[in-house]
A.B. asks: 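What follows is a single structure, and I will ask about it in a moment.
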Amino acid sequence: MKLKTDEDYKESLKKLNRKIFIMGEQVQDVTSNMITIPHVNCAAMTYSLGNIPEYEDLLYATSHLTGEKISRFTHIHQSREDLVKKIKMMRLLGQKTGACFQRCVGFDGLNAVYSVTYEIDKKYNTYYHERFKNYLKFVQNENLMITGAMTDAKGDRSLRPIQQKDKDLFLHIVEKKKGGIVVRGAKLHQTGAANSHEILVMPTLAMREDEKDFALSFAIPSDTKGVKFIFGRQVNDSRRIEGCQIDMGSPYGAVGGECMIVFEDVFVPEERVFLAGEYEFTGTLVERFASAHRSNYGACKVGLADVLIGATALVAEYLNIDKVSHVKDKLSEMVHLNETLHASSLVCAYEGIKTPSGAYIVNPLYANVTKLNVTRYLYEIVRLSHEIAGGFVATLPSEKDLYSEGTGSDIRKYLTAKDGIPAENRIKVGRLIENLTGPTSLIEAMHGAGSPQAQKIMIQKLGDIEEKKKLAKEIAGIK
Ligand code: SF4
Ligand code: FE
């Protein structure tokens, strides 16, 4: 494993020569840019946390390909125990960062592509799986961060990829050359894209026979010629430029520093192509990736909600309302909802399934149930937090006023509640709650890993209502 610490990770990012655009300017170094620093810090935690002995077992694994110690983020799950460790690792990282640590998208992409390439080769005698294993060894040895690029631009939602007026709205092959392919299109909302070493591309949806050029999976270094990143705005990102540490609420941002990635006639060498034209496998690939990522949300978001529950309880303490019965009741309701989400996520792992490749995947029905619950319970947890914490979370003056001569003493005097607790503490925890519960975090919980309707479609498909009807008929004595 070449990159062993957070510092190694940051140094490696500096060496990438990429085209990243932020607010109209091209940015060279994401480790020193005020806008991107929080996301880099957050992802860096995936490199540093395992070096604390008590977390080593969760953050590291043994490669089934080389027998070497590797980051769990580059591991292919070999058992249900591996799936469980992944869920526990994600909750831990959510607790330590209170934000999206971004590295799971590529992790889930690696696992999905691994099992599916095995199945393609079995059917067509192709060599995708061997290629992918070579790529995986490289990723494991270097300990790289991968951004998993799945979401195409999609254009007119009522039209198939082939029917779009502008074909580039779905990433596709524009030319087959000796030794590789040339691709064009874009992937949107890519979590962690600005601070990943590699891009792993997957199809957005199950392609049809006439959409072979859109049935595509490959990986390229993020500084490949023709790749452009356009960084998305994050709520309150201007506070980062202003250097307002308290107003930022957290040094780790909130969501995953999403980017639009544009592929302008990018050449992908043959050894990096893992699916090209085998459209029948695109549905399986999408489902396996989506299930893996949906099961994560009962882990990373639960870790984040652990921080939120703690922050809410702290505000209650600072206001001296922590012994009030309805406040205690609301806090235990928040814990109840949060642990329900986590239990759901653990079930995805404990009911994991072995694929023909030997790799394990999560139970897809429970994964979709978990994610759908997150879109409801997390909102309720946030509602309860806002109710307890109070309106000050939304109306706090800037830290520049807190530290300014003309206003600082007023802010301290009038924002002090319980005797002995400095107003700064209340402000800091208020800003943390604002950051954890802002619209980007909630929208991410709603639409990240797919929108609720996508989960409902999968639940309809996997829920086996016919079998349940049989159960009812049998007990009711209906022939
Ligand atoms: Fe990982 Fe959660 Fe962020 Fe997805 S939303 S990349 S699972 S931390
Ligand atoms: Fe996400």
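All ligand and atom numbering here is 1-based and tracks the order in the structure.
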A.B. asks: Heavy-atom count check: over 12 atoms from other residues, nucleotides or ligands less than 6.0 Å from Lys19 NZ?
C.D. replies: no

A.B. asks: Run the side-chain hydrogen bond (donor to acceptor under 3.5 Å, both in side chains) check on Ser357 and His129 step by step: do they pass?
C.D. replies: CA-CA 9 Å; Ser357 69; His129 192 63; 5.8 Å; no

A.B. asks: Measuring to the Fe ion (ligand 2), does Tyr297 have an N/O/S atom at a distance below 2.8 Å?
C.D. replies: yes

A.B. asks: With heavy atoms of Lys301 as the reference, note each atom of ligand 1 found under 4.0 Å away.
C.D. replies: 5 (S)

A.B. asks: Considering residues, nucleotides and ligands other than Lys461, do more than 12 of their heavy atoms fall under 6.0 Å from its NZ?
C.D. replies: no

A.B. asks: Ignoring water, what protein N, O or S atoms are under 2.8 Å from atom 4 (Fe) of ligand 1?
C.D. replies: His293 NE2

A.B. asks: Report yes or no: is the cationic atom of Arg160 (NZ for Lys, CZ for Arg) under 6.0 Å from the centre of the six-membered ring of Phe214, at an angle within 45° of the ring normal?
C.D. replies: no

A.B. asks: Testing Asp108, Thr370, Asn368 one by one against Arg294 for a side chain to side chain donor-acceptor pair (under 3.5 Å), which residue passes?
C.D. replies: Asn368

A.B. asks: Taking 4.0 angstrom as the limit, do Arg91 and Glu339 come out as a salt bridge?
C.D. replies: yes

A.B. asks: So which N/O/S atom does Glu444 have closest to the Fe ion (ligand 2)?
C.D. replies: OE2

A.B. asks: Can you tell me if Arg240 uses its side chain to pair, donor with acceptor, with the backbone of Ile35 under 3.5 Å?
C.D. replies: yes

